[in-house]
Undergrad: 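First, the structure itself, so that you have it in front of you.
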Amino acid sequence: MRIIKLTQESKDSLLNDLLKRSPNNYGQYEKTVQEIIENVRSNGDETLFELAHKFDKNTIDASNFKVTDAEIEEAFSLIEPEFIEVMEKAAKNIADYHQKQLRTSWIETKPDGSILGQKVTPLDSVGVYVPGGKAVYPSSTLMTTIPAKVAGVSKIVMTTPAGPDNKVNPGTLVAAKIAGVDEIYKTGGAQAIAALAFGTQSVPKVDKIVGPGNIFVALAKKAVYGYVSIDSIAGPSEILVLADETANAKYVAADLLSQAEHDELASSILITTSEKLAEEVSREVDAFTQQLSRKEIIEKSLENYGYILVAESMDDAIDAANEIASEHMEILTANPYETMTKIRHAGAMFLGNYSSEPLGDYFAGPNHVLPTNGTAKFFSPLSVDDYIKKSSIISYSREALEAVHKDIELFARKEGLTAHENSIKVRFEEA
């Protein structure tokens, strides 16, 4: 991996490189995505089947479009019992963690007769998108579905592409069953997002779409936002390791590579105050890469977006980490808990030598759907909050309104909204 000194210039150059990966920079695909969306909106299932034949090389039609109970049973027979048990353990951890995020409605009454409150209501329906191309992610099925179940969403619809054999990856189906998905349809890409956003003859329209996907999925979610809600427009995966001289170079290298193997656009960055650690990590990365199954993807990822930055002080390192606002941030310092208090922007923070990023991807419980491309400065991980909505409650007695009605009327007059003023005023005019 390249080793460079952390300066304002190198930091600015790095941030500029990382922003190039944003879905907002792939406008050349937007026309194609929009055409797919319009075709699905006009022709429904017919377009979904045509595109499944074209892109997924299968023969999906109305007879085999929806996943059946028999297919789910078959999937359970194809997955090792040990893996099913692990998914069930992970599902419990995810449910337990998200259960603590639940909000409750509240009402406050005051002596003057006014009542204020907030009603929390789960969404009626959610669409979960699960990729099925280069790699399949049963973990994403758990992470996107379980918080919806905890929130109380009534209907969860999943879309995921089928292979040339017309079947969905069995691991994905087992995870969907464990998580509590209600319906599964064999469609992927931008066309699946359009189907969930507008509905087809088979796929029901939902209120919100969540889940990761490729650039076409990301742009489709962007295009349908407003017709439905979405979780986020996710970019490529990324990790930032913040380390001092006490860090284990082998651990750091292994953790950087855990993200580099996702795809060629993934970003892996180490910021350290130790030149010795930087050199050791670079050597360990080279050695590990030769042993790993996705060697070519890793090498391309590191060539494009792999950096080791050597900072003069930990304060400089922390400032750079906050500027980058990484999706995943590992803190491997002498006192990671103290360092963590100075981090303002990160999707998820992993503290200490035995809290490597895959722990969060698969098992610990916090959600692995995280803000990318610096959006951790203003976005949060997927949570129960993404599956609820809030309604304000306002109730005033005559006495409570009488005490403030002239204030409200004045506010309305100053904004030139006389009908607003009259709406209050009329209640206190003599008959």
Undergrad: Any chance you could measure Asp385, atom CG, to Gln101, atom CD, to the nearest 0.5 Å?
TA: 6.5 Å
Undergrad: Mark yes or no: Arg41 above the aromatic ring of Tyr227, with NZ or CZ under 6.0 Å from the six-membered ring centre and no more than 45 degrees from the axis.
TA: yes
Undergrad: Do Lys250 and Glu280 sit within salt-bridge range, that is, some charged N less than 4.0 Å from a carboxylate O?
TA: no
Undergrad: Is the count of non-hydrogen atoms from other residues, nucleotides or ligands lying under 6.0 Å from Asp69 atom CG greater than 12?
TA: no
Undergrad: Heavy atoms only: give me the nearest Ala260-Ile297 pair and the separation to one decimal.
TA: O-CG2, 3.7 Å
Undergrad: With distance as the sole criterion, is a donor-acceptor pair present between the side chains of His98 and Ser383 under 3.5 Å?
TA: no
Undergrad: Less than 4.5 Å apart, any side-chain heavy atom of Met349 and any of Ile343?
TA: yes
Undergrad: Any side-chain donor paired with an acceptor under 3.5 Å for Asn373 and Thr375?
TA: no
Undergrad: Do Ile193 and Ile209 touch side chain to side chain, with heavy atoms closer than 4.5 Å?
TA: yes
Undergrad: Please check if the number of heavy atoms outside Phe363 that lie under 6.0 Å from its CZ is greater than 12.
TA: yes
Undergrad: Are Asp12 and Gln8 close enough that a side-chain donor and a side-chain acceptor fall under 3.5 Å?
TA: yes
Undergrad: If the test is side chain to side chain contact (heavy atoms under 4.5 Å, CB included), which one of Glu71, Lys177, Met158, Lys66 qualifies with Ile184?
TA: Met158
Undergrad: Just by distance, with hydrogens left out, do Glu327 and Thr372 show a side-chain donor and acceptor under 3.5 Å apart?
TA: no
Undergrad: Would you call Asp244 and Thr272 a side-chain contact if the rule is heavy atoms closer than 4.5 Å?
TA: no
Undergrad: Under 3.5 Å, is there a donor-acceptor pair linking the side chains of Ser313 and Asp315?
TA: no
Undergrad: With side chains defined as the heavy atoms from C-beta onward, is the minimum distance between Val224 and Ile37 less than 4.5 Å?
TA: yes
Undergrad: Would you call Asp56 and Lys186 a salt bridge, using N to O less than 4.0 angstrom?
TA: no
Undergrad: Only one of Ser237, Ser267, Ser301, Ser326 clears side-chain hydrogen bond (donor to acceptor under 3.5 Å, both in side chains) with Gln259; which?
TA: Ser237
Undergrad: For Lys119, does the NZ atom have more than 12 heavy-atom neighbours from other residues, nucleotides or ligands under 6.0 Å away?
TA: no
Undergrad: Taking only Lys NZ, Arg NE, NH1 and NH2, and the carboxylate oxygens of Asp or Glu, determine whether Lys295 and Glu261 approach each other closer than 4.0 Å.
TA: no
Undergrad: Indicate whether the side chain of Asp17 and that of Tyr307 have a donor and an acceptor atom separated by less than 3.5 Å.
TA: yes
Undergrad: Under 4.5 Å between any side-chain heavy atoms of Leu196 and Lys205, yes or no?
TA: no
Undergrad: Quick one: does Glu330's side chain get under 4.5 Å of Ser356's, heavy atoms only?
TA: yes
Undergrad: Name all residues meeting the side-chain hydrogen bond (donor to acceptor under 3.5 Å, both in side chains) criterion together with Ser355; count only those two or more places apart in sequence or in a different chain, and write none if there are none.
TA: none
Undergrad: If you apply the rule side chain to side chain contact (heavy atoms under 4.5 Å, CB included), what do you find for Gln34 with Ile36, and how did you get there?
TA: CA-CA 5 Å; Gln34 196 59 51; Ile36 290 172; over 6 Å; no
Undergrad: Is it the case that more than 12 heavy atoms not belonging to Glu312 sit under 6.0 Å from its CD atom?
TA: no
Undergrad: Side-chain contact, heavy-atom cut-off 4.5 Å: Val174 with Ile178?
TA: yes
Undergrad: How about Thr160 and Tyr129: do any of their side-chain heavy atoms sit closer than 4.5 Å?
TA: no
Undergrad: Look at atom OH of Tyr337 and say whether more than 12 heavy atoms of other residues, nucleotides or ligands are closer to it than 6.0 Å.
TA: no
Undergrad: Looking only at side chains, do His53 and Asn58 share a donor and an acceptor under 3.5 Å apart?
TA: no
Undergrad: Hey, is the main chain of Val40 close enough, under 3.5 Å, to the side chain of Gln191 for a donor-acceptor pair?
TA: no
Undergrad: Is the number of heavy atoms from other residues, nucleotides or ligands under 6.0 Å of Phe49 CZ greater than 12?
TA: yes
Undergrad: Can you sort out the partners of Glu323 under side-chain hydrogen bond (donor to acceptor under 3.5 Å, both in side chains), two or more places apart, ordered by chain and number?
TA: none
Undergrad: Ignoring hydrogens and geometry beyond distance, is a side-chain donor-acceptor pair present between Ser10 and Ser13 at under 3.5 Å?
TA: no
Undergrad: For Ser154, check side-chain hydrogen bond (donor to acceptor under 3.5 Å, both in side chains) against everything at least two apart and list the hits.
TA: none
Undergrad: Give a yes or no on whether a salt bridge exists between Glu183 and Lys155, defined as a side-chain N under 4.0 angstrom from a carboxylate O.
TA: yes
Undergrad: Check Lys100, Lys92, Gln99 against Asp96 for a side-chain hydrogen bond (donor to acceptor under 3.5 Å, both in side chains) and give me the one that passes.
TA: Lys92
